[in-house]
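All values reported here derive from a predicted model rather than from experimental measurement.
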Amino acid sequence: MNASDFLTLFPEFSDTTRYPTETITMWLTVAAQFVDQRRWGDSYNLGLALFVGHELVLGREAAIAAAAGSVPGVTTGVVASKSVGPLSKSYDTSISKYDDAGFWNLSSYGQRYWYFMGLFGTGGHQF
């Protein structure tokens, strides 16, 4: 899989300013070390793409934080509730996360990656 193949699967990452081709290629190289082709079989490229999508989302969040003057890379987890003045909003995060997925729960791509890892019998890690 190359960056072009990745963008065919996930065109939402086609903004080369936000998601440079070199960054996608770098994460594809890393993903290939963690996604076991024997276990994923014909879905191997999907595994690679979900891994990369997850990393790109986390990288974009860090870039947005840096642009806003915050420290890039600081994790906060999923927001469960928010209040502004007399208004408040809350979410039931238990239905949108996987137990024991930890880091992978930080993006929908990571959650799908975690889900498929379980289907392919890889558990919580890849070799």
Side-chain angles (χ1 to χ4, degrees):
M1 170 173 266
N2 59 35
S4 178
D5 297 330
F6 171 80
L7 293 172
T8 297
L9 291 174
F10 295 131
E12 59 268 36
F13 293 105
S14 62
D15 182 337
T16 56
T17 301
R18 292 180 177 167
Y19 311 104
T21 302
E22 298 80 10
T23 302
I24 293 171
T25 300
M26 183 270 300
W27 281 117
L28 282 167
T29 301
V30 172
Q33 298 174 54
F34 290 95
V35 180
D36 186 336
Q37 188 168 12
R38 292 171 296 145
R39 291 189 185 261
W40 284 73
D42 292 340
S43 299
Y44 177 66
N45 283 347
L46 174 63
L48 294 175
L50 289 171
F51 185 105
V52 172
H54 177 71
E55 293 296 345
L56 292 175
V57 166
L58 297 183
R60 181 70 184 135
E61 287 177 348
I64 290 169
S70 294
V71 179
V74 173
T75 60
T76 59
V78 179
V79 176
S81 65
K82 184 176 183 176
S83 296
V84 177
L87 302 174
S88 66
K89 188 175 200 176
S90 180
Y91 296 93
D92 179 358
T93 58
S94 67
I95 62 170
S96 62
K97 68 178 186 72
Y98 290 104
D99 292 337
D100 301 323
F103 163 79
W104 299 109
N105 277 319
L106 296 176
S107 81
S108 63
Y109 301 94
Q111 289 173 329
R112 285 186 279 171
Y113 179 70
W114 181 264
Y115 172 77
F116 283 112
M117 280 195 304
L119 288 180
F120 295 129
T122 58
H125 65 281
Q126 298 271 328
F127 294 112

(request) Look up atom CG in Leu46 and atom CH2 in Trp40, then write down how far apart they are to the nearest 0.5 Å. (result) 5.5 Å

(message) Rounded at 0.5 Å granularity, tell me how far CE in Met117 sits from CH2 in Trp114.
(response) 5.0 Å

(message) Looking at every heavy atom in both Asn2 and Asp5, which two are closest together, and how far apart are they?
(response) OD1-N, 2.8 Å

(request) Look at atom CG of Asp42 and say whether more than 12 heavy atoms of other residues, nucleotides or ligands are closer to it than 6.0 Å. (result) no

(message) On a heavy-atom basis, which atom in Leu28 and which in Leu48 lie closest, and how many Å separate them?
(response) CD2-CB, 4.3 Å

(request) Fit a plane to each ring of Tyr113 and Phe51, take the angle between them on a 0 to 90° scale, and name the class: parallel (under 30°), tilted (30 to 60°) or perpendicular (over 60°). (result) perpendicular

(request) Search all heavy atoms of Val35 against all heavy atoms of Tyr44 and return the closest pair with its distance. (result) O-CE1, 3.3 Å

(message) To the closest 0.5 Å, what do you measure between CH2 (Trp104) and CG (Leu50)?
(response) 9.5 Å

(request) Determine the interplanar angle of the Phe103 and His54 rings, folded into 0 to 90°, and report it as parallel if under 30°, tilted if 30 to 60°, perpendicular if over 60°. (result) perpendicular

(request) Please step through side chain to side chain contact (heavy atoms under 4.5 Å, CB included) for the pair Val52 and Met1, ending with a clear verdict. (result) CA-CA 11 Å; Val52 172; Met1 170 173 266; over 6 Å; no

(message) Contact between Ser43 and Phe116 at the side-chain level, heavy atoms closer than 4.5 Å - yes or no?
(response) no

(request) State the CD-CD1 distance between Glu55 and Ile24, to the nearest 0.5 angstrom. (result) 13.0 Å

(message) Tell me the closest heavy-atom pair linking Val57 and Ser107, and the distance in Å.
(response) CG1-CB, 3.9 Å

(message) Under 4.5 Å between side-chain heavy atoms, counting indirect links through other Ile/Leu/Val/Met/Phe/Trp/Tyr residues: same cluster for Ile64 and Trp27 or not?
(response) no

(message) Quick check: is Met26 connected to Phe34 through a chain of hydrophobic side chains (ILVMFWY, heavy atoms under 4.5 Å apart)?
(response) yes

(request) Please report the shortest heavy-atom distance between Phe13 and Gly53, naming the atom on each side. (result) CZ-O, 3.8 Å

(message) Quick check against the 3.5 Å criterion: does Thr23 have a side-chain atom that pairs as donor or acceptor with the backbone of Tyr19?
(response) no

(message) Classify the ring geometry of Phe6 against Phe10: parallel below 30°, tilted from 30° to 60°, perpendicular beyond 60°.
(response) perpendicular

